[in-house]
Structures are given as structure tokens and as C-alpha cells.
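To start, the structure under review is shown below, and the notes come after it.
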Amino acid sequence: MTRLGGPSVVVVEDADELGRVGADLVADELRRTPGAWVSVATGETPMGMYAELAARRRSGLLDTGGLTPVQLDEYLGLEPDDRRTFFGWMRRSFLEPLGIADERVVRLPLDGDLAAACAAFDRTLDARGGLDLAILGIGTNGHLGFNEPPVDPGAPTREVGLSTATIDANARYWGDVNDVPTRAVTTGMRQLLAARAIVMVVSGPTKREIVHRALEEPVTPQVPASFLQETGAAVTVIVDREAWGEGDPS
Ligand code: PGA
């Protein structure tokens with residue numbers, strides 16, 4: 001289903017279809033741009049898509065040899081070998097299955113002068129013309145990466161404090177809400193919105209309200225994902241029936 005002049009919304013019936021449709025889009029992008037720089041979300045929603053991409057690679061249908069993954073976001077204050085880092089999750093779900101060495105990842109800075117290092121990260125992306133593709137989820141509060149509301153669409157890559165909504169939502173990965181880190185680094189809105197293409201995956205009833213606010217209500221800093229309505233990027237939102245509800249996108 002397509003809406004002219006804004007994000008294309010594809011409603012899928014289940015997780016398998018979400019994985020297949022998402023993998024089709026990413027695979028098309030890699031065929032068009034074999035050396036693509038791709039911002040890679042962790043989170044539950046894109047996992048089926050990454051598994052599908054890995055299966056295609058094993059069958060010889062997908063070449064990831066030129067792909068440069070770019071880290072989307074990361075917690076601060078964890079040991080580098082902590083399994084709960086997003087980098088560790090990215091390694092297990094994306095890098096290893098797709099045969100990509102850790103060293104190929106454009107990583108976010110986690111220590112030192114973070115402001116200067118985040119500015120250098122943005123300069124690195126700018127120098128090669130920005131992201132070719134951003135694979136994103138959406139938070140229940142509308143965040144993209146860890147760009148928490150309210151946010152400016154020009155926000156740079158930076159250190160952020162996590163919102164209560166995000167900490168509560170991520171507690172399921174940590175066992176106890178008090179163990180969830182409260183600070184993080186995120187690729188900024190400016191880089192994400194300037195990507196040539198964006199694929200956002202949305203699943204489950206907890207995302208229903210926010211996905212409709214983001215796509216159908218006026219653009220607002222209170223819903224970071226609403227800025228997807230205004231980018232020049234080719235935006236595709238793949239949303240399952242549980243998240244979208246009945247009816248078709250208009
Ligand atoms: P999820 O995370 O895919 O685990 O729901 C999405 C997000 O918080 O951006």
C-alpha cells in the first residue's frame with residue numbers, strides 16, 4: 001500500500017511476512033549500492049528480517065561483501081563485553097550471520113570527549129555523503145534510535161538521557177528496570193532523516209497508537225518518527241496487522 005508524497009506503508013499479516021518484505025527492501029538496496037552504508041537497528045522487531053537476510057546469503061542470493069554497517073545507538077556505562085550492549089546484539093543478530101567483521105562497523109564513541117567524538121562521527125558520515133539506508137524501529141514514545149522526544153529534526157549525533165518510557169520498555173531485556181542504563185549515545189536525527197532510504201519496522205499492539213500518530217497526525221518534535229513524513233528519503237514503513245489494526249493505509 002502506498003501513499004503518495006510520504007512514507008509508503010506496507011501492512012503485513014505476521015512476523016514471517018515482515019521479515020520477508022523487509023529483507024526484500026534491504027536486498028534491493030544492496031544490489032543497487034553494493035558499498036552501501038547502512039544504519040542497523042537492534043530491538044526485537046528487525047530480528048526476523050536479519051534472519052531472512054542471513055538465509056539468503058547462505059543460499060548465495062545476497063552479497064554483503066561491500067556493506068558498511070553503521071551503529072544506530074548504544075548504552076553508556078557498560079563493559080565492552082557485556083552481552084547487553086547493542087553492539088553485542090548487533091554482532092549476534094546481524095554481523096556474524098551476514099559474515100561481516102566487527103572492524104567494518106562505523107561505531108559510535110562511548111568514552112572520552114563524547115561531544116567531540118560524536119561530531120567526528122557525523123563528519124565521517126557527511127564526508128561519504130551520508131547513509132544509504134537506515135533500518136529503524138520505533139519506540140512506544142516515537143523515538144528513532146535513542147532520539148527521545150522532544151527532538152529537533154536537525155539534532156546531531158550525541159549523548160542522551162533515556163526517557164522513562166524507553167527505560168520501562170527496555171526493562172524486559174534487563175530483568176529489572178533499575179538495571180537499565182539511563183544514558184546512551186545515538187546517531188542524530190539529522191543523519192537518519194538524510195538517509196537516501198529508510199525502512200522502519202513496526203510490530204505488535206503496543207506500537208499501534210504511536211505508529212498512527214507518527215504517520216497520520218501533524219509532524220511534531222514530541223513524536224520523533226513523525227519527521228519521516230517530511231524527509232526527502234524514500235521511506236517504507238512495514239507494519240504488522242497487530243500494530244496497524246484493521247483497515248488499509250489511506
Ligand atoms: P523494539 O524496539 O523493536 O524492541 O520494539 C524498537 C525501538 O525502541 O526503537
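Both counts, for ligands and for their atoms, begin at 1 and track the order of listing. Counting from 1, the numbers follow the sequence of the chain as shown.
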Item to check | Working for side chain to side chain contact (heavy atoms under 4.5 Å, CB included), residues V26 and L53 | outcome: CA-CA 8 Å; V26 175; L53 287 169; 3.9 Å; yes
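Close to ligand 1: R172, with a non-hydrogen atom less than 4.0 angstrom away. For F146, the heavy-atom gap to ligand 1 stays at 4.0 angstrom or more.
By the 3.5 Å distance cut-off applied to N or O atoms, N170 is not counted among the residues near ligand 1. For ligand 1, none of its N or O atoms has an N or O atom of T42 under 3.5 Å away.
Checked for salt-bridge contact, E242 and K207 miss the test: no charged N lies under 4.0 Å from a carboxylate O. Checked for salt-bridge contact, R92 and E96 miss the test: no charged N lies under 4.0 Å from a carboxylate O. Under a 4.0 Å N-O distance rule, the pair R20/D14 does not qualify as a salt bridge.
Close contacts of ligand 1 with K207, meaning ligand atoms under 4.0 Å from a residue heavy atom, involve 1 (P), 5 (O), 6 (C). Counting the atoms of ligand 1 from 1 in the order shown, those under 4.0 Å from a heavy atom of G137 are 9 (O).
At the shortest separation from atom 3 (O) of ligand 1 among protein heavy atoms lies T45 OG1, 2.5 Å. Looking only at heavy atoms of the protein, atom 9 (O) of ligand 1 is closest to H143 NE2, 3.2 Å.
With a 4.0 Å cut-off on non-hydrogen atoms, I138 touches ligand 1 through its backbone and not its side chain.
Side chain to side chain, Q191 and D126 meet the donor-acceptor criterion of an N or O pair below 3.5 Å.
With R183 as reference, E159 is the one residue of E159, E74, E148 to meet the salt bridge (charged side-chain N to carboxylate O under 4.0 Å, His left out) rule. Applying the ring pair (Phe, Tyr, Trp, His ring centres under 6.0 Å) test between Y75 and each of Y173, F86, W89 identifies F86 as the sole match.
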